[in-house]
Amino acid sequence: MSVLPEGRTKRPLLLAAITLALALFALAVYRAATSGLTYDEAYTALRFAMKLRPSDIPRMMVNCIANNHWINTVLIRVVQFTTRQFYNEFLIRLPSLLFYAAFLGLAVYMLYRGELSCGGFALLTLCYYLNDFFGLARGYGMAVCLLLFALRFYQRWRGETGRYALLTWSLFFFAAAAFAQTLSLMVMGAVGLVILLCLLREKRLTDYVRKQWLPLLPIAMGALLMVVYHLNISRPGKPLPISPPTLFAAFAEGFASLYTANAALTAVCAWGICAFLVLSAVAFRKRLLCSKFFLAALLYLLLWAAVNGLLHVLPDKRSLLVSLPLLALALCEAAGWIGEALGLRHAAPCVGWVAGAALAAVLAVAFLSGTDLHTTEAWRDNYATRDVAYEALRTRTAGNQTLHTLEPYPLAFYREKIIQEHGYNLYENWWH
């Protein structure tokens with residue numbers, strides 16, 4: 001792993017990482033504060049968050065409430081209940097932004113501690129698709145944040161396998177991530193298989209369960225709850241999206257497309273990622289059982305291959321986003337093996353972080369080229385409903401034809417907001 005260099009070079013690189021994290025967070029905050037709600041955000045706020053009561057929790061299992069993003073929905077409700085502001089776009093998005101701050105803070109801290117390479121930091125942070133979701137009131141970014149915490153505790157446990165509390169915290173964050181986005185269960189399952197293998201190999205499984213059974217019990221119950229819930233929302237007509245056609249399209253092209261919207265560049269990167277993974281798995285097959293992330297990433301892909309074989313289902317781009325921390329860390333782990341095999345770690349230690357800085361520069365260019373303050377990266381959902389609704393309020397014409405072309409839930413959200421603020425009902429004055 002190519003960590004930050006020691007000495008005078010470390011401080012400016014660390015300051016650069018902090019500056020980058022602050023700039024990324026500022027971009028998400030700006031977009032959250034200045035853009036109108038999208039369809040899914042308005043749908044969640046109107047149908048679920050505003051009406052959520054403790055007595056509604058059991059119905060979540062049956063009615064697929066919260067569109068499989070429980071934590072997001074509950075936290076929106078908490079913010080609304082606390083502030084008594086029900087139609088404030090920024091406050092609706094505030095929980096997701098807080099998770100983004102935690103995610104960026106943890107990434108910088110891991111870089112500082114030498115637990116994350118420069119390349120890994122770039123792969124985790126310079127993804128506009130992820131930045132876009134952290135600025136929206138959705139659960140995907142929350143899941144990515146929680147999974148990074150889970151993987152960090154798992155990484156620390158692999159270095160100190162006798163510290164069972166680290167492993168339990170890792171499992172806790174994995175289960176929590178499933179409450180943010182249910183497909184986090186696939187990442188939990190893949191890493192869980194590696195954890196089980198490690199415990200069996202070191203003959204610690206029985207001892208671990210005996211000493212940690214009390215916190216493990218609610219963690220297991222929560223994970224099982226999300227498994228049942230996920231099966232409910234996976235039925236026909238429920239909210240999970242359409243699958244990509246092939247494994248290659250789902251994973252290689254899907255992972256590459258998280259960083260660039262250019263079709264040709266996505267195809268080239270996808271084939272490059274495939275070649276890198278295959279060659280690394282073959283060349284370093286003796287290291288697989290001792291790897292921290294690479295074996296888990298391979299198992300993640302195999303689990304999805306099995307699911308696809310049985311149910312003909314694969315993750316779309318949004319659903320693949322939750323695997324970003326695992327796949328990024330796996331790629332960096334394999335790159336570290338290559339560096340060691342070439343003797344670069346000791347002969348030329350600067351090569352690793354220079355390569356990481358070069359990767360960061362390339363990803364930064366892709367990030368900036370993909371930045372769009374008018375539409376979302378996913379589904380190309382636009383922010384224009386608010387502007388059109390307030391223009392109708394300003395002109396008192398209600399923009400007959402224009403309003404009919406807008407998405408129903410954002411329009412309903414702004415109708416209610418304008419009633420609250422100005423006492424003017426866009427629907428009643430529709431034809432005036």
Side-chain angles (χ1 to χ4, degrees), residues 28-29 32 37-103 106 130 133-150 169 171-185 187-188 215 217-234 238-240 318-319 321-322 409-410 412-413 416-417:
V29 170
L37 285 193
T38 59
Y39 182 93
D40 283 343
E41 293 177 293
Y43 183 88
T44 299
L46 288 176
R47 289 205 59 183
F48 302 133
M50 290 185 186
K51 304 175 182 179
L52 190 63
R53 299 290 186 275
S55 58
D56 294 328
I57 301 298
R59 292 196 296 110
M60 287 185 176
M61 296 299 298
V62 179
N63 297 335
C64 301
I65 196 171
N67 198 22
N68 81 329
H69 299 175
W70 284 34
I71 291 180
N72 176 57
T73 302
V74 171
L75 290 182
I76 290 174
R77 178 58 180 160
V78 169
V79 171
Q80 289 177 333
F81 181 81
T82 303
T83 63
R84 311 308 298 174
Q85 298 289 322
F86 297 94
Y87 296 96
N88 185 299
E89 298 92 330
F90 182 78
L91 291 179
I92 289 173
R93 292 164 171 166
L94 181 60
S96 187
L97 289 171
L98 294 177
F99 274 85
Y100 195 27
F103 172 80
L106 178 60
L130 178 60
F133 267 114
F134 269 121
L136 299 174
R138 307 290 288 132
Y140 297 98
M142 296 177 177
V144 171
C145 174
L146 292 168
L147 286 171
L148 184 60
F149 273 89
W169 274 111
L171 295 175
F172 167 78
F173 281 108
F174 275 124
F179 280 84
Q181 215 287 334
T182 56
L183 286 176
S184 303
L185 290 165
V187 181
M188 182 182 186
L217 187 59
I219 291 173
M221 291 177 63
L224 181 60
L225 180 71
M226 285 295 100
V227 170
V228 175
Y229 177 72
H230 182 81
L231 294 176
N232 279 341
I233 63 175
S234 300
K238 295 303 180 181
L240 285 189
R318 290 186 300 168
S319 302
L321 186 62
V322 299
Y409 280 101
F413 178 89
E416 295 299 324
K417 182 174 183 178

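Note: hydrogens, waters and symmetry copies are ignored here, and every other heavy atom, side chains too, is used.
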Self-check item: Heavy-atom closest pair, residues Ser184 and Ala177
Solution: OG-O, 3.3 Å
Quiz item: Taking side chain as C-beta onward, heavy atoms only, is His69 less than 4.5 Å from Thr44?
Solution: no
Exercise. Using the ring of Phe86 (Phe, Tyr or Trp, six-membered ring only), decide whether Arg84 places NZ or CZ under 6.0 Å from its centre and within 45 degrees of its axis.
Key: no
Quiz item: Side chains of Val29 and Phe90: closer than 4.5 Å at any heavy-atom pair?
Solution: yes
Quiz item: Are any of the side-chain heavy atoms of Ile92 and Leu37 separated by less than 4.5 Å?
Solution: yes
Quiz item: Could you give the distance from CZ (Phe179) to CE (Met142), rounded to the nearest 0.5 Å?
Solution: 14.5 Å
Quiz item: For the residue pair Phe99 and Phe134, is the inter-centroid distance of their aromatic rings smaller than 6.0 Å?
Solution: no
Quiz item: Which pair of non-hydrogen atoms, one from Tyr140 and one from Leu321, has the smallest distance, and what is that distance?
Solution: CB-CD2, 4.0 Å
Exercise. Return the set of residues passing side chain to side chain contact (heavy atoms under 4.5 Å, CB included) with Ala176 (not counting sequence neighbours), or none when no residue passes.
Key: Leu146
Quiz item: Would you call Val144 and Phe133 a side-chain contact if the rule is heavy atoms closer than 4.5 Å?
Solution: no
Quiz item: In terms of ring plane angle, is the pair Tyr43 and Tyr39 parallel, tilted or perpendicular, where the classes change at 30° and 60°?
Solution: parallel
Quiz item: Any side-chain heavy atom of Gln85 sitting closer than 4.5 Å to one from Val79?
Solution: no
Self-check item: Pairing residues for Phe174 by the ring-ring contact (aromatic ring centres under 6.0 Å, His included) criterion, not counting sequence neighbours
Solution: none
Quiz prompt | Value rounded to 0.5 Å, distance of CD in Gln80 from CG in Leu75 | solution = 11.0 Å
Self-check item: Closest non-hydrogen atom pair between Val322 and Ala143, with its separation
Solution: CG1-CB, 3.9 Å
Quiz item: Do Phe48 and Ile76 come close enough that some side-chain heavy atom pair is under 4.5 Å?
Solution: no
Exercise. Would you check if there is a donor-acceptor pair between the side chains of Thr38 and Glu41 at a distance under 3.5 Å?
Key: yes
Quiz item: How many angstroms lie between atom CG of Leu106 and atom CG of Leu148, to the nearest 0.5 angstrom?
Solution: 4.5 Å
Quiz item: Quick one: does Lys417's side chain get under 4.5 Å of Glu89's, heavy atoms only?
Solution: yes
Quiz item: Can you list the residues that meet the side chain to side chain contact (heavy atoms under 4.5 Å, CB included) rule with Ala102, with sequence neighbours excluded?
Solution: Cys145, Phe149
Exercise. Would you confirm whether Ser96, through its side chain, and Leu136, through its main-chain N or O, come within 3.5 Å as a donor-acceptor pair?
Key: yes
Quiz item: Looking at side-chain heavy atoms only, is the closest gap between Met50 and Tyr87 below 4.5 Å?
Solution: yes
Exercise. Working to the nearest 0.5 Å, report the span between CG of Asn72 and CZ of Arg77.
Key: 14.0 Å
Quiz prompt | Pairwise distance CE(Met188) to OG1(Thr182) - rounded to 0.5 angstrom | solution = 13.0 Å
Quiz item: Nearest 0.5 Å, what's the CE-CG distance between Met226 and Leu185?
Solution: 8.0 Å
